Amino acid sequence: MSVLPLPRPEQQPQVRRVALLGVGTVGRALLERLQALQHPRLQLCLAASSRQRWLDAEGLANSGAWPDAEAHDGSGALPDAFRPGDIAVDATASAELAAWHPRWLRQGLNVVSANKLGLGGPLLRQHEIRLLATDGRHYGDAATVGAGLPVLRAVRELRAGGDRIGAIVGVLSGTLAWLFDGYDGSEPFSQRVLSAVAQGYAEPDPRVDLSGEDVKRKLLILARTAGYALEDAEVRVDSLLTPAIESASAQQLAQALAALDGPLGERAARTARDGKVLRYVARLDAAGARLGLEALAPDDPIAVGRGCDNRVAIWSTRYRDRPLQIQGPGAGAEVTAAALLDDQLRVLG
Ligand SMILES: NC(=O)c1ccc[n+]([C@@H]2O[C@H](COP(=O)([O-])OP(=O)(O)OC[C@H]3O[C@@H](n4cnc5c(N)ncnc54)[C@H](OP(=O)(O)O)[C@@H]3O)[C@@H](O)[C@H]2O)c1
């Protein structure tokens, strides 16, 4: 039996240093996955919150016994130990870090992001990222829309195969999906919001979800991936918030949210009487891009699904009469962290 030769050093696969920016709900879930996987070619060397960072150029121990934290200024500047080919993971919602995405790519780093402000921020930045993410530099965005559901991948593959994307319709917020799943107006909407926060289905400040801002970013990313140079101001947003809720302090918020109970309760009861269901829907078609609450037939592809499920329907050249549909859990730390790890593994090739 012959013995296979050992690979020559230049053939040995490169170990990639990983910098994880953001150690909140998603970042911590990613740390757990990295620790469980112990991939020999992914070496976590830096983890940071907005004010602290932990750094070891030889790799932060899997046991979690890390060196003492250093002060951190929240910038995206990475230590010299990070070289071209290494990976910056953005698990924050920071506008400052999103502005670093093109800079990291220019430095030869790969970028993996849950932060929607990279591709869903200014159109110019999205263009820059797309131009720079070539020649072996990756930009992983699977976690930004559908928390890893293969939505962006499907849009890209359709286009690569020559399809034109005609329309995209979706329930893109797991939180809003959960809030309207089974809501018929019999329970105060504000109570549902507070229980979504308590159970971790909504952001600590639920206005991030209720304003439609998060869904708008996702629709911008989807539309741009589909080939439409959509600007932020071109998306018509029907926010669920009133000016009083928008300006309420954290202490006043629960009381302010009660103003939604009457109008939304009446709308939900009317919708139920008509045999329909309420859903917060994002639409991109010939009429433009818009988001808002809609009454749908219960068997509408966008209305089906449970809990935090995201649902997306895509019409394209080949799916002209009936859309391609993608549905599944589209929120939560675990699926989002899994999508971030999948994107890092794609960098390894
Ligand atoms: N949670 C989900 O289910 C979910 C699903 C899909 C996508 N996402 C997206 O994933 C991202 C993270 O969500 P999350 O729920 O984990 O948020 P989170 O719990 O609020 O955590 C955010 C983390 O980012 C850190 N951070 C903020 N600015 C920073 C900076 N400039 N440099 C380094 N770290 C910084 C925060 O540090 P401090 O604690 O010091 O502020 C915190 O550790 C967001 O973009 C979110 O929209 C979340």
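One-based numbering, in listed order, for ligands and for the atoms of each. One-based numbering along the sequence shown. Excluded from the calculations below are hydrogen atoms, water molecules and symmetry mates; all remaining heavy atoms, backbone and side chain alike, are included. Computed from a predicted structure; not experimentally measured.
Heavy-atom contacts of A333 reach the following atoms of ligand 1: 3 (O) (cutoff under 4.0 Å). Contact atoms of ligand 1 toward S94: 28 (N), 31 (N) (distance under 4.0 Å to a heavy atom of the residue). Heavy-atom proximity to S49, at under 4.0 Å, picks out these atoms of ligand 1: 32 (N), 33 (C), 34 (N), 35 (C), 37 (O), 40 (O). Close approach of ligand 1 to G332 (heavy-atom distance below 4.0 Å) involves ligand atoms 3 (O). Which parts of ligand 1 touch G24 is read off a 4.0 Å heavy-atom cut-off, strictly below it: atoms 16 (O), 19 (O), 21 (O), 23 (C), 42 (C), 43 (O). Residue R51 has at least one heavy-atom neighbour below 4.0 Å for each of these atoms of ligand 1: 40 (O). Interface of N115 with ligand 1, defined as ligand atoms under 4.0 Å from a residue heavy atom, comprises 45 (O).
Of the charged side-chain nitrogens involved, at least one lies within less than 4.0 Å of a carboxylate oxygen, so that K216 and D232 count as a salt-bridged pair. Between R270 and D274, no side-chain nitrogen of the basic residue sits less than 4.0 Å from a carboxylate oxygen of the acidic one, so the salt-bridge criterion is not met. Between D214 and K116, at least one side-chain N (NZ, or NE/NH1/NH2) sits under 4.0 Å from a carboxylate O, which counts as a salt bridge.
Protein heavy atom at the shortest distance from atom 10 (O) of ligand 1 is A114 CB, 3.5 Å. With hydrogens left out, the protein atom closest to atom 45 (O) of ligand 1 is T92 O, 2.8 Å, a heavy atom.
With ring centers used as reference points, Y183 lies under 6.0 Å from F189.
Below 3.5 Å of separation, one finds an N or O of V26 facing an N or O of ligand 1. Any N or O atom pair closer than 3.5 Å counts here, and A143 shares no such pair with ligand 1. Inclusion of T25 in the set of residues having an N or O under 3.5 Å from an N or O of ligand 1 is warranted. At least one N or O atom of G74 sits closer than 3.5 Å to an N or O atom of ligand 1.
Judged by distance alone, the side chains of S190 and D261 do bring a donor and an acceptor atom under 3.5 Å apart. D163 and S316 are linked by a side-chain donor-acceptor pair at a separation below 3.5 angstrom, with hydrogens and angles left out of the test. For Q252 and S249, the side-chain atoms include at least one donor-acceptor pair closer than 3.5 Å.
Contacts of S75 with ligand 1, taken as heavy-atom pairs under 4.0 Å, are absent altogether. For L97, every heavy-atom contact with ligand 1 shorter than 4.0 Å involves the side chain, none the backbone. Under 4.0 Å from ligand 1, the heavy atoms of T336 that appear belong solely to its side chain. When non-hydrogen atoms are compared, ligand 1 lies under 4.0 Å from the backbone of A91 (N, CA, C, O) but not from its side chain.
No continuous path of hydrophobic side-chain contacts links V347 to V111 [ILVMFWY only; heavy atoms under 4.5 Å]. Linking Ile, Leu, Val, Met, Phe, Trp and Tyr whenever their side-chain heavy atoms come within less than 4.5 Å leaves L20 and W100 in two separate clusters. Note: the hydrophobic cluster containing L78 does not contain V18 (ILVMFWY, side chain heavy atoms under 4.5 Å, direct or indirect links).
Comparing A47, G148, S50, A95 against atom 41 (O) of ligand 1, the shortest heavy-atom distance belongs to S50.
Remark: R306 CZ is loosely packed, at most 12 non-hydrogen atoms of other residues, nucleotides or ligands lying under 6.0 Å away.
By the definition of a contact as any protein heavy atom under 4.0 Å away, atom 38 (P) of ligand 1 is in contact.
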